[in-house]
Amino acid sequence: MERTTTDRTRAFEMSLDIDAPADAVWCALTDAEELVRWFPMEARVTPGEGGSMAWGWGEGWDWATRIDAWEPGRLLRLVQEDARPYDAQGRPLPPGEVEPARIAMEFTLETHQGRTRLRLVHSGFGHGAAWDNELDGITEGWQAELRGLRHYLEKFRGRDRMFGRAWLTTTLPRDAAWARLLGPGGFRFSPAHPDAGRAYEVATPDGRRLTGTVELHLPGQTLLGSVRELNDGLFRVLTWRDGKGHTGVWASLATYTGEAAVVREFSQRTQEALERLFRADRATA
C-alpha cells in the first residue's frame, strides 16, 4: 500500500510496504553505514532517545536532527526545533527572512501480511511562499527516496552504493527548467511521458542509452527509474523550488554492482551539460 497526502495540517504522509523484515528496515533508517546505501552521501548517528542524526550530500548540504523517540523495530521520531526552509544550495534561510518552525519526521514500522509497512509523517511546516516550496520539495523527495529505500532492501540489501549526481540552481521557473532539462542537449525520454510501472528509455547528455522501468513519475518534477544496463541501478532527474524562489535541477545515477567508472563519467559529463543548458540562467548565491 502506498498513500501520499498533503493537507491543511501542513504535513506530508506516506505509507509503503517493503518485502523485508522490520529489523532490516529499522537498520536502514538508523545505521549510518546503511543510510548511505539508499539516501544521503554521508551520515552520522548517535543512537537512542536524545541522540542525533545528520544526513549530508556534500558541498554544504547538511540536515541535522535530534532523536525524539527511539523504539527499535517500531518507532523513530526526528525533530528540528528551529527549522527553516532551504535554498537550492542546501542552506537554511536566515532567521529574519522566514519564521522558523518545529519540524518532526516520524517513521513507524509494523508487520502487515508478511511484509513491513513503513509509514512516514513529516509535519510542522510553517506558512508562506518559502514554506510552501519546502513542503512541495519534501512531498516530491520522500516519494522518490522511500522507493529507493525499498529498491535497496528488496534487491541489494547489504551492498554498498556507488552514487553520482550533477546539479545547479537556475532563475528559470520550474516548468521551464524541466522542459529545458528534457529538451535538446538534456535527457531525451521515450516515451516522452512514461508512466510508473512501464518501460522507458532515456538518452543522457553523456551519450548513454539507459533502459528500465519507471518507479515514479511526477510530471514537471521528477522521474525515477531502474537501469537495466547497471544491473537494476537507479536513475533520477528532478527539479524543485527553493525557499528563495529559485529552481534546483538535479540528475543522479546509482549502482550496487561495481560500475564506478560509469557513475563518475555520468556525473562529470552531466554536470558539464547542465552548465551549458543553463549558462544564461544560473542563479547566484
Side-chain angles (χ1 to χ4, degrees), residues 2 14 16-47 53-59 61-63 72-73 76 78 105 107 109 111 114-118 120 141-167 196-197 199-202 204 206 208-216 222-238 250-270:
E2 299 183 19
M14 177 176 176
L16 82 167
D17 292 345
I18 302 173
D19 190 10
D23 60 349
V25 180
W26 174 263
C27 188
L29 291 170
T30 60
D31 181 84
E33 187 173 321
E34 281 286 284
L35 278 161
V36 298
R37 288 170 169 159
W38 67 274
F39 187 26
M41 297 172 69
E42 306 163 359
R44 301 184 305 278
V45 179
T46 301
M53 187 174 295
W55 307 323
W57 287 266
E59 301 179 70
W61 290 63
D62 295 301
W63 196 349
L76 172 69
L78 307 174
M105 290 171 279
F107 302 84
L109 307 177
T111 300
R115 309 177 79 188
T116 299
R117 177 160 296 169
L118 168 63
L120 166 65
W142 278 126
Q143 291 183 73
E145 299 295 354
L146 293 185
R147 282 170 170 81
L149 168 62
R150 180 172 62 187
H151 188 85
Y152 161 66
L153 286 173
E154 294 186 351
K155 297 178 182 290
F156 300 108
R157 192 189 319 169
R159 291 192 186 182
D160 289 339
R161 176 182 66 159
M162 278 152 283
F163 178 82
R165 53 98 166 95
W167 68 278
Y200 80 101
E201 177 179 324
V202 60
T204 71
D206 67 336
R208 298 185 185 277
R209 173 183 171 272
L210 305 178
T211 63
T213 301
V214 177
E215 301 288 334
L216 173 69
T222 192
L223 190 145
L224 173 72
S226 63
V227 180
R228 185 177 297 111
E229 290 76 12
L230 295 179
N231 299 301
D232 239 359
L234 286 174
F235 163 77
R236 184 181 177 194
V237 291
L238 70 133
W250 172 292
S252 64
L253 193 65
T255 176
Y256 293 90
T257 55
E259 300 88 349
V262 173
V263 172
R264 285 195 299 268
E265 184 177 6
F266 170 88
S267 300
Q268 178 181 340
R269 297 187 64 176
T270 299

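No experiment lies behind these values; they were computed from the predicted model shown.
Heavy-atom neighbours of Glu154 CD from other residues, nucleotides or ligands within 6.0 Å: above the threshold of 12.
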Under the side chain to side chain contact (heavy atoms under 4.5 Å, CB included) criterion, do Thr255 and Val262 qualify, and how do the steps go?
-> CA-CA 9 Å; Thr255 176; Val262 173; over 6 Å; no

Test salt bridge (Lys or Arg N to Asp or Glu O under 4.0 Å) on Arg208 and Glu229 and set out the steps.
-> CA-CA 10 Å; Arg208 298 185 185 277; Glu229 290 76 12; over 6 Å; no

Check against side chain to side chain contact (heavy atoms under 4.5 Å, CB included), Arg269 and Thr204 | CA-CA 9 Å; Arg269 297 187 64 176; Thr204 71; over 6 Å; no

Assess whether side chain to side chain contact (heavy atoms under 4.5 Å, CB included) is satisfied between Phe107 and Leu118, documenting all intermediate values.
-> CA-CA 7 Å; Phe107 302 84; Leu118 168 63; 4.1 Å; yes

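Gly56 approaches Pro40 most closely through the heavy-atom pair O-CB, 3.5 Å. Among all heavy-atom pairs drawn from Met53 and Leu78, the shortest one is SD-CD1, 3.9 Å. Listed here is the closest heavy atom pair of Arg157 and Asp19: NH2-O, 4.3 Å. In terms of heavy atoms, Ala32 sits closest to Ala43 at CB-O, 3.6 Å. Minimum heavy-atom separation, Trp57 to Met41: O-SD, 3.5 Å. Of all the heavy atoms in Ala251 and Thr270, the pair that sits closest is CB-CG2, 4.0 Å.
Residues that satisfy the salt bridge (charged side-chain N to carboxylate O under 4.0 Å, His left out) test with Glu42, not counting sequence neighbours, are absent from this structure. For the salt bridge (charged side-chain N to carboxylate O under 4.0 Å, His left out) test, residues two or more places apart in sequence or in another chain that qualify with Arg165 are Glu59.
Atom CG of Leu216 and atom CZ of Arg236 lie 8.0 Å apart (nearest 0.5 Å). The CZ atom of Phe266 lies 7.5 Å from the CG atom of Leu210; values are rounded to the nearest 0.5 Å. How far CG of Leu35 is from CZ of Arg44: 12.0 Å, rounded to the nearest 0.5 Å. Note that NE2 of His151 and CD1 of Ile18 are 13.0 Å apart. Values are rounded to the nearest 0.5 Å. The CE atom of Met162 lies 10.5 Å from the CG atom of Leu253; values are rounded to the nearest 0.5 Å. A distance of 9.0 Å separates OG in Ser267 from CG in Asp206, rounded to the nearest 0.5 Å.
Remark: side-chain polar atoms of Arg159 are not paired, donor with acceptor, to backbone N or O of Thr257 under 3.5 angstrom. Judged by distance alone, the side chain of Thr222 and the main-chain N or O of Val237 form a donor-acceptor pair under 3.5 Å. Judged purely by atom type and a 3.5 angstrom limit, Thr116 uses its side chain to pair as donor or acceptor with the backbone of Ala20. A donor-acceptor pair under 3.5 Å is absent between the side-chain atoms of Tyr152 and the main chain of Phe39, judged by distance alone. Checked by atom type and distance alone, the side chain of Tyr200 pairs as donor or acceptor with a backbone atom of Ser226 at under 3.5 Å.
Of the candidates Arg150, Arg147, Arg117, Arg117 is the only one forming a salt bridge (Lys or Arg N to Asp or Glu O under 4.0 Å) with Asp17.
Ring-centre distance between Phe163 and Trp38: not below the 6.0 Å cut-off.
Under the 3.5 Å distance criterion, with hydrogens and angles disregarded, no donor-acceptor pair is assigned to the side chains of Thr213 and Glu215.
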